[in-house]
2 protein chains.
Amino acid sequence: METRELRYFVAVAEELHFGRAAQRLGIAQPPLSRAIQQLERRLGAALLDRTSRTVTLTEAGSVLLTEGRAALDAVDAAERRTRRAALSPTGRPGLVLATKASASRELLAKLLDAYAAEPGAVPVDVILCGPAEQERLLHEGRADVALLHRPFDSTAGFDTEELSTEGQVVVLPAGHPLAVRAHVHMADITGLPGLPLPRWPSPDGTYPPGPGPQVRDHAQLLQLVALGRACAVSPESCRAQLHSDLAAVPVLDAPKVTTVIAWPSHSRSRAVADLVRTAIRLQ
Amino acid sequence: METRELRYFVAVAEELHFGRAAQRLGIAQPPLSRAIQQLERRLGAALLDRTSRTVTLTEAGSVLLTEGRAALDAVDAAERRTRRAALSPTGRPGLVLATKASASRELLAKLLDAYAAEPGAVPVDVILCGPAEQERLLHEGRADVALLHRPFDSTAGFDTEELSTEGQVVVLPAGHPLAVRAHVHMADITGLPGLPLPRWPSPDGTYPPGPGPQVRDHAQLLQLVALGRACAVSPESCRAQLHSDLAAVPVLDAPKVTTVIAWPSHSRSRAVADLVRTAIRLQ
DNA sequence: GGCAACGATACCTTCCAGGTATCGTTGCGG
DNA sequence: CCGCAACGATACCTGGAAGGTATCGTTGCC
């Protein structure tokens, strides 16, 4: 199977319309029809049920859609990583590490310092990204290694090592009545009048329905808390980043958050292995 | 990047010889040279250093070799799973489950029975394979789900759920002096005169050097133990499969073995999800 | 029943993958 | 030091496949 055929099929399967898919691909509709027919012939499988009015996926077609997307991602990742390896002037490609902007700066700084001191260390670029974006970057080959936070981020398809586990705190406006408490429970903070928990976007970019403001990153979130429009439950380590107009109170029964370092499981990069070993030794 | 180019590159990178690679690919050498040049031009990266006597990989080339292999595996897996989905007569593709021949029959039987009783269950084919073969089958799309045994098998790149944890026993000929003990320690059984631990093949098919017979599967192993040529450390559950001429004694300080159910992390198959849910509920 | 939307088909053109022949370089044995 | 053999690169040709345009057949809809 050629990637061209796969890209054509994915386009049609997503649009469920040959004309629009052809337009998206920048080719005419007839060659697209033929390419899909040929793919079906070679696979010995009907991928699409088509009438002159509608196109629908067969069972085999929907399998090929998910599997094909994964395969195309892998091909694109291969291409990107190769390009990056070639671009690096030293011949020793640098590493790209993806992490949430809200992650522990202390852990990250310690890790980068310790790794830089290793013999054979290469330059590390850090990408600060929004929630759950690291997985995509790793899959797409835009990053070599990432810091993820379970249970929020999915570690599906990666190798991981646990680095640290911490409890969570609720972040409140400094003057809030609960801010003086030594600790609280989840029940104390769900449904606080005027301070709803915010809504994070789903992987598809849409927001779940419900009360609470929509946020895209941690800075927005803290801004909203400072404005008295929301409260937030975050890992303890965020305390180091809080301004004095915010207060943090431990939430005893919130789920523990584990920071893990993750990398594509087929990675054979010496640099990734060194960085991971350094990270483990720090703990 | 087309898969054809990728296959060509992988062939050359593995052979480090254009002539042999062309032969392996079933094409002539000049088109192969041209294809690689074109790939290098498009990537903007030198992949191979060539003199008229030797071919070596550049840094970028070795990145593309590992990443490209992974990508080709993904493409092949997509093709195979699609074919399988189409072949199944019901339109509801059956599942293929890969497990070691030596795995617990009890767990497997319970799982298959419980899943078959689920509404919407599909037929499950079971592949019994040798040690560490399940990972390959899953990656190649020949299996949809597998039972793996940590720490022996690598779960890299898969989603997993733990099913059970058990201790290990040493399997001995029935008449052996240690066979009457209630339990032993690892120190008791390393270097037993005449009963060495066997050697398993590495992933590349070769055997590590050392004493002890070479074995390929569990049946061979038990045969050798019965013949008094080896002893073996195995998960407890293998006791159910032991003939009376063999004895099993718990090894107190052997590492615990965890059976996990594993599936490709991008799997969106309803059947896989059902089977996994059933497996978790059994525990 | 006419029409419009849509995928399939027919047919042509262009381009590129692949083949054969040959060249230029290089290491090696005499 | 020279001839030779091995090897990748180049030159040139050919067939097939990818892509384009025009058009057909079917189908739902007003």
Side-chain angles (χ1 to χ4, degrees), chain A residues 1-62 64-65 68 71-72 75 79 86, chain B residues 1-62 64-65 68 71-72 75 79 86:
Chain A
M1 225 177 6
E2 289 302 311
T3 55
R4 185 184 53 85
E5 305 176 285
L6 217 40
R7 283 183 222 281
Y8 285 8
F9 172 74
V10 169
V12 177
E14 285 178 354
E15 299 284 347
L16 291 178
H17 190 292
F18 280 74
R20 277 196 301 276
Q23 201 170 0
R24 194 173 112 185
L25 293 166
I27 63 171
Q29 170 258 318
L32 181 56
S33 283
R34 254 186 306 144
I36 302 292
Q37 288 172 36
Q38 182 175 330
L39 182 59
E40 288 179 312
R41 227 177 306 126
R42 281 220 290 256
L43 289 174
L47 300 173
L48 300 163
D49 284 326
R50 22 208 192 288
T51 72
S52 74
R53 307 301 285 181
T54 60
V55 176
T56 54
L57 281 171
T58 64
E59 192 68 29
S62 69
L64 186 58
L65 179 56
L72 288 177
V75 172
E79 188 166 336
Chain B
M1 223 174 9
E2 289 303 310
T3 54
R4 185 184 52 86
E5 305 176 284
L6 218 40
R7 283 183 221 281
Y8 285 9
F9 172 73
V10 169
V12 177
E14 286 178 354
E15 299 284 346
L16 290 178
H17 190 291
F18 280 72
R20 278 196 302 274
Q23 200 169 0
R24 195 173 111 185
L25 293 165
I27 64 171
Q29 170 257 318
L32 181 56
S33 284
R34 253 187 308 143
I36 302 291
Q37 287 172 38
Q38 183 175 329
L39 181 61
E40 288 179 311
R41 230 176 304 126
R42 280 219 290 259
L43 289 174
L47 301 172
L48 300 163
D49 284 325
R50 18 206 193 292
T51 71
S52 73
R53 306 302 284 178
T54 59
V55 176
T56 55
L57 282 172
T58 64
E59 192 67 30
S62 70
L64 186 58
L65 179 56
L72 288 177
V75 172
E79 188 166 337

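Keep in mind that what you see is a predicted model, and the values were worked out from it rather than measured. Letters A, B, ... mirror the listed sequences (proteins, then strands); counts begin at 1.
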It should be established whether [X] places a side-chain nitrogen or oxygen under 4.0 Å from OP1 or OP2 of nucleotide [N].
X: Arg50(A); N: dC6(C); result: no
X: Arg4(B); N: dC16(C); result: no
X: Ser33(A); N: dG7(C); result: no

How many whole angstroms separate atom [atom1] of [X] from atom [atom2] of [N]?
X: Arg53(A); N: dC29(D); atom1: CZ; atom2: P; answer: 7 Å
X: Ile36(B); N: dG18(C); atom1: CD1; atom2: P; answer: 12 Å
X: Arg7(B); N: dG18(C); atom1: CZ; atom2: P; answer: 13 Å
X: Gln23(B); N: dC7(D); atom1: CD; atom2: P; answer: 11 Å
X: Arg34(A); N: dC12(C); atom1: CZ; atom2: P; answer: 14 Å
X: Glu40(B); N: dG8(D); atom1: CD; atom2: P; answer: 13 Å
X: Gln38(A); N: dT9(C); atom1: CD; atom2: P; answer: 14 Å
X: Gln29(B); N: dT10(D); atom1: CD; atom2: C1'; answer: 10 Å

Minimum-distance pair of heavy atoms, taken over all atoms of [X] and [Y]:
X: Ala45(A); Y: Ala86(B); result: CB-CB, 3.1 Å
X: Phe9(B); Y: Leu57(B); result: CZ-CD2, 4.0 Å
X: Leu39(B); Y: Leu64(B); result: CD2-CD2, 4.2 Å

Legend entry - Candidates dG19(D), dG7(C), dA9(D) - which lies nearest the side chain of Pro31(A):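 Closest nucleotide among those given: dG19(D).
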Inset, instruction - Consider the side chain of Val55(B), meaning its heavy atoms from C-beta on, and name the nucleotide among dA22(D), dG8(D), dG19(C) that approaches it most closely. - result: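 Of dA22(D), dG8(D), dG19(C), dG8(D) is nearest to the side chain of Val55(B).
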Inset, instruction - Would you indicate whether Gln23(B), at its atom CD, is surrounded by more than 12 heavy atoms from other residues, nucleotides or ligands within a distance under 6.0 Å? - result: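 Atom CD in Gln23(B) is not packed in, count stays at 12 or less.
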Inset, instruction - Would you sort out whether Arg34(A) and Gln38(A) count as a side-chain contact (heavy atoms from CB on, under 4.5 Å), showing the intermediate values? - result: CA-CA 6 Å; Arg34(A) 254 186 306 144; Gln38(A) 182 175 330; over 6 Å; no
Inset, instruction - For Thr51(A) and for Ala28(A), find the nucleotide of DNA chain D with the closest heavy atom, then tell me which residue's nucleotide is more 5'. - result: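 Taking each residue's closest nucleotide, the earlier one in sequence belongs to Ala28(A).
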